[in-house]
Amino acid sequence: MKSNLTPLGPKADKDTVRRHNLSLVLRAVRDEGESGEATRAGVSARVGLTRAAVSSLVEQLMESGFLTESGKTFSGQAGRPGTALKVARTGPAGLGVEINIDYVSVCVVDLAGTGRVRQTEHLDNRGAPAGEVLARAARIAARTLDSAREQELRPVGATLALPGLVSGGSVRQAPNLGWNEVPAQDLFAEALTALRPGHPVLPVASENEANLAALAELWFGGLGDLRSFLYLTGEIGVGGALVLGGELLRGAHGFAGEIGHVVVDPDGPECRCGSRGCLEQYAGQTALLRAAGIDGSGGGAGVVELERRARAGDGPAAAALTEAGRMLGRVVSGAVNLVDPDAVVLGGIYRSLMPWLAPPADEELTGRVVSGLWSPRGGRLRASSVAGDAARGAAALVVQDVLADPVAYAEPYGV
């Protein structure tokens with residue numbers, strides 16, 4: 001009789017256990033540093049290891065450049081004061097590269113998750129060959145790496161934040177860019193390597209940009225203890241991501257969250273994805289500006305003008321935002337009924353447009369969410385924080401790998 005049990009794999013040896021404990025200590029220092037000062041005693045209590053074991057692990061992490069210590073800190077308890085431990089501001093870091101419809105943004109974050117370098121260029125990437133767009137992004141990334149090196153940071157990996165369906169390093173479909181089956185990860189890596197002769201090859205990963213923005217909101221936003229939320233980002237299109245219990249839901253093939261292509265009206269305007277009446281045809285940036293009678297060729301400037309007109313009480317602007325909010329609420333209510341998140345977070349251009357989008361969206365949600373838990377102005381519909389951007393989430397994803405296994409990144413490489 002065949003067993004259906006999953007093979008357990010080899011037991012952990014001493015080296016494996018020590019690598020795991022190094023990760024525990026490093027993450028504990030990082031977490032304690034967010035709310036105060038970390039000490040060996042505090043870390044020991046948090047991770048359940050002896051003071052002697054923690055001291056040995058701390059010494060190794062300091063020698064490898066992951067931790068620093070300074071001064072004396074007093075806990076208010078009996079015993080000698082301890083030294084304050086912090087994750088290092090130099091050394092291993094993450095590089096995030098967001099390629100969107102009308103801009104490219106690149107950032108570097110350190111082990112604490114702090115953004116240290118940021119470069120953004122506003123470029124209309126629609127209609128440009130994918131290889132050209134990725135080469136532009138590589139040039140911006142190379143300059144960012146030079147700036148990081150000046151701060152003694154060495155990014156050990158890069159993550160691309162890409163719009164559309166992303167799987168296996170390729171963009172299967174990005175309707176607003178006109179990309180289909182583009183091996184974005186390889187093209188970017190090759191372009192970046194060519195720009196940096198003499199430097200080791202930087203490992204590159206890729207992920208959907210809304211997913212990464214949602215992770216940035218989870219890790220750096222003002223959500224507090226909230227761990228389950230639906231995230232929508234408004235740009236030229238509309239992206240979505242779902243975080244449940246602190247974990248990103250990617251779906252069976254990595255394509256979960258494409259809420260911008262949920263059909264609102266099958267007889268509605270044709271969408272670039274090939275369908276009709278998708279949400280982004282009512283609530284995407286292009287649709288919003290068109291409905292408000294604003295020239296959308298200026299990209300972000302058009303959104304600023306839309307907000308200005310809405311504040312001034314302009315009729316077409318108010319009507320466009322009300323309709324967009326209504327459509328957002330209608331589609332999001334279905335997602336709320338399906339997965340029951342604690343909150344819905346609106347990012348991208350929606351953050352600044354919340355005063356006009358939220359009332360009609362809240363009204364739709366109140367009327368359509370069957371649990372009865374939704375109420376107007378109940379706080380479950382909220383704007384994202386300024387920390388919730390895809391480039392930072394992409395860079396932080398690299399840092400998460402470092403925190404999970406610092407030994408793997410102890411040898412200098414990358415920059």
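Here, residue 1 is the first one in the sequence, and each next residue gets the next number.
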Engineer: Quick one: are R118 and T144 in side-chain contact, heavy atoms under 4.5 Å?
Structural biologist: no

Engineer: Which is it for R149 and D146 under the salt bridge (Lys or Arg N to Asp or Glu O under 4.0 Å) test, yes or no, and what are the steps along the way?
Structural biologist: CA-CA 5 Å; R149 187 168 58 245; D146 288 340; 3.0 Å; yes

Engineer: Which pair of heavy atoms, one from V386 and one from D389, lies closest together, and at what distance?
Structural biologist: O-OD1, 4.5 Å

Engineer: Drop me the distance from R309's CZ to D314's CG, to the nearest 0.5 angstrom.
Structural biologist: 6.0 Å

Engineer: Please round to the nearest 0.5 Å and tell me the distance separating atom CZ of R308 and atom CD1 of I294.
Structural biologist: 8.0 Å

Engineer: Using side chain to side chain contact (heavy atoms under 4.5 Å, CB included) as the criterion, point out the one residue from T39, T68, L61, V29 that pairs with L85.
Structural biologist: V29

Engineer: Is there a side chain to side chain contact (heavy atoms under 4.5 Å, CB included) between V109 and T114? Walk through the geometry before answering.
Structural biologist: CA-CA 5 Å; V109 302; T114 304; over 6 Å; no

Engineer: Hey, are the side chains of Q400 and W219 touching, using non-hydrogen atoms and a 4.5 Å cut-off?
Structural biologist: yes

Engineer: Carefully, step by step, assess T120 and V104 under the rule side chain to side chain contact (heavy atoms under 4.5 Å, CB included).
Structural biologist: CA-CA 6 Å; T120 300; V104 172; over 6 Å; no

Engineer: Run the salt bridge (charged side-chain N to carboxylate O under 4.0 Å, His left out) test against E59 and tell me which residues pass, sequence neighbours left out.
Structural biologist: R40

Engineer: Quick check for you: to the nearest 0.5 Å, what is the distance between S70 atom OG and K86 atom NZ?
Structural biologist: 5.5 Å

Engineer: Enumerate, atom names and distances included, each donor-acceptor pair closer than 3.5 Å involving a side-chain atom of residues 334-363, sequence neighbours excluded.
Structural biologist:
unit_1 : atom_1 : unit_2 : atom_2 : d
N337   : OD1    : V370   : N      : 2.9
N337   : ND2    : S333   : O      : 3.3
N337   : ND2    : R368   : O      : 3.0
Y350   : OH     : A283   : O      : 2.7
R351   : NE     : S384   : O      : 3.4
R351   : NE     : S384   : OG     : 3.2
R351   : NH2    : S384   : OG     : 3.3
R351   : NH2    : S385   : O      : 3.3
S352   : OG     : I349   : O      : 3.4
D362   : OD1    : W374   : NE1    : 2.7
D362   : OD2    : R377   : N      : 3.0

Engineer: Show me, pair by pair, the donor-acceptor contacts under 3.5 angstrom made by side chains of residues 170-182, not counting sequence neighbours?
Structural biologist:
unit_1 : atom_1 : unit_2 : atom_2 : d
N176   : ND2    : E280   : OE2    : 3.2

Engineer: Which atom pair, heavy atoms only, marks the closest approach of A216 to A387?
Structural biologist: CB-O, 3.5 Å

Engineer: For residues 197-225, which residue pairs qualify under salt bridge (charged side-chain N to carboxylate O under 4.0 Å, His left out), counting only residues two or more places apart or in two chains?
Structural biologist: E207-R250

Engineer: Between T90 and E152, is any side-chain donor less than 3.5 angstrom from a side-chain acceptor?
Structural biologist: no

Engineer: For residues L95 and V398, report the shortest heavy-atom separation together with the two atoms involved.
Structural biologist: O-CG2, 4.2 Å

Engineer: Within the side chain of S105, is there an N or O that forms a donor-acceptor pair under 3.5 Å with the backbone of E98?
Structural biologist: no

Engineer: Out of the candidates L57, V58, V54, only one should pair with V43 under the side chain to side chain contact (heavy atoms under 4.5 Å, CB included) rule; please name it.
Structural biologist: V54

Engineer: Flag the pair N208 / L162 as yes when at least one side-chain heavy-atom distance between them is below 4.5 Å, and no otherwise.
Structural biologist: no

Engineer: If you look at every heavy atom in G157 and L202, which pair is closest and at what distance?
Structural biologist: N-CD1, 3.7 Å

Engineer: Mind checking whether E307 and V303 have side chains closer than 4.5 Å, heavy atoms only?
Structural biologist: no

Engineer: Go through the side-chain N and O atoms of R19 and S23 and say whether any donor and acceptor fall under 3.5 Å apart.
Structural biologist: no

Engineer: How far does CG of L22 sit from CG of L403, to the nearest 0.5 angstrom?
Structural biologist: 12.0 Å

Engineer: Does E247 CD have over 12 foreign heavy atoms under 6.0 Å away?
Structural biologist: no

Engineer: Going by salt bridge (charged side-chain N to carboxylate O under 4.0 Å, His left out), D110 matches just one of R116, R392, R154. Which one?
Structural biologist: R116

Engineer: For R136 and D124, which heavy atoms make the closest approach, and how far apart are they?
Structural biologist: NH1-O, 4.1 Å

Engineer: To the closest 0.5 Å, what do you measure between CZ (R380) and OG1 (T366)?
Structural biologist: 10.0 Å

Engineer: For the pair S371 (side chain) and L373 (backbone), establish whether a donor and an acceptor sit closer than 3.5 Å, ignoring hydrogens and angles.
Structural biologist: yes

Engineer: Looking at Y282 and P269, what are the two nearest heavy atoms and their distance?
Structural biologist: OH-CD, 3.3 Å

Engineer: Taking side chain as C-beta onward, heavy atoms only, is Q285 less than 4.5 Å from D102?
Structural biologist: yes

Engineer: Cut-off 3.5 Å, side chains only: do S206 and Q185 have a donor facing an acceptor?
Structural biologist: yes

Engineer: Return the CZ to SG distance between R272 and C278, rounded to the nearest 0.5 Å.
Structural biologist: 12.5 Å

Engineer: Under the side chain to side chain contact (heavy atoms under 4.5 Å, CB included) criterion, do L279 and H261 qualify, and how do the steps go?
Structural biologist: CA-CA 6 Å; L279 174 62; H261 297 288; over 6 Å; no

Engineer: Whether the Q281 and R276 side chains hold a donor-acceptor pair (N or O, under 3.5 Å, no angle test) is what I'd like checked.
Structural biologist: no

Engineer: Just distance, no hydrogens or angles: give the donor-acceptor pairs under 3.5 Å from side chains in residues 315-330, sequence neighbours left out.
Structural biologist:
unit_1 : atom_1 : unit_2 : atom_2 : d
T322   : OG1    : A318   : O      : 2.9
E323   : OE1    : R326   : NE     : 3.2
E323   : OE1    : R326   : NH2    : 2.8
E323   : OE2    : R326   : NH2    : 3.0

Engineer: Looking at side-chain heavy atoms only, is the closest gap between V97 and T159 below 4.5 Å?
Structural biologist: no

Engineer: Any side-chain heavy atom of L123 within less than 4.5 Å of one from Y103?
Structural biologist: no

Engineer: Could you go step by step and tell me if R18 and S56 meet the side chain to side chain donor-acceptor pair (under 3.5 Å) rule?
Structural biologist: CA-CA 10 Å; R18 187 168 182 85; S56 173; 3.0 Å; yes

Engineer: Given side chains that start at C-beta, do those of L289 and D295 come closer than 4.5 Å, heavy atoms only?
Structural biologist: no

Engineer: Identify every side-chain donor-acceptor pair in residues 231-243 under 3.5 Å, counting partners at least two apart or on other chains, and give the distances.
Structural biologist:
unit_1 : atom_1 : unit_2 : atom_2 : d
Y231   : OH     : G388   : O      : 3.2

Engineer: Should I101 and N125 be marked as a side chain to side chain contact (heavy atoms under 4.5 Å, CB included) after you check the CA-CA gap, both sets of side-chain angles, and the distance that decides it?
Structural biologist: CA-CA 5 Å; I101 312 304; N125 295 318; 5.9 Å; no

Engineer: Are any of the side-chain nitrogens in E121 or R143 under 4.0 Å away from the carboxylate oxygens of its partner?
Structural biologist: yes

Engineer: Under the salt bridge (Lys or Arg N to Asp or Glu O under 4.0 Å) criterion, do R46 and D31 qualify, and how do the steps go?
Structural biologist: CA-CA 10 Å; R46 181 178 180 122; D31 294 345; 3.3 Å; yes

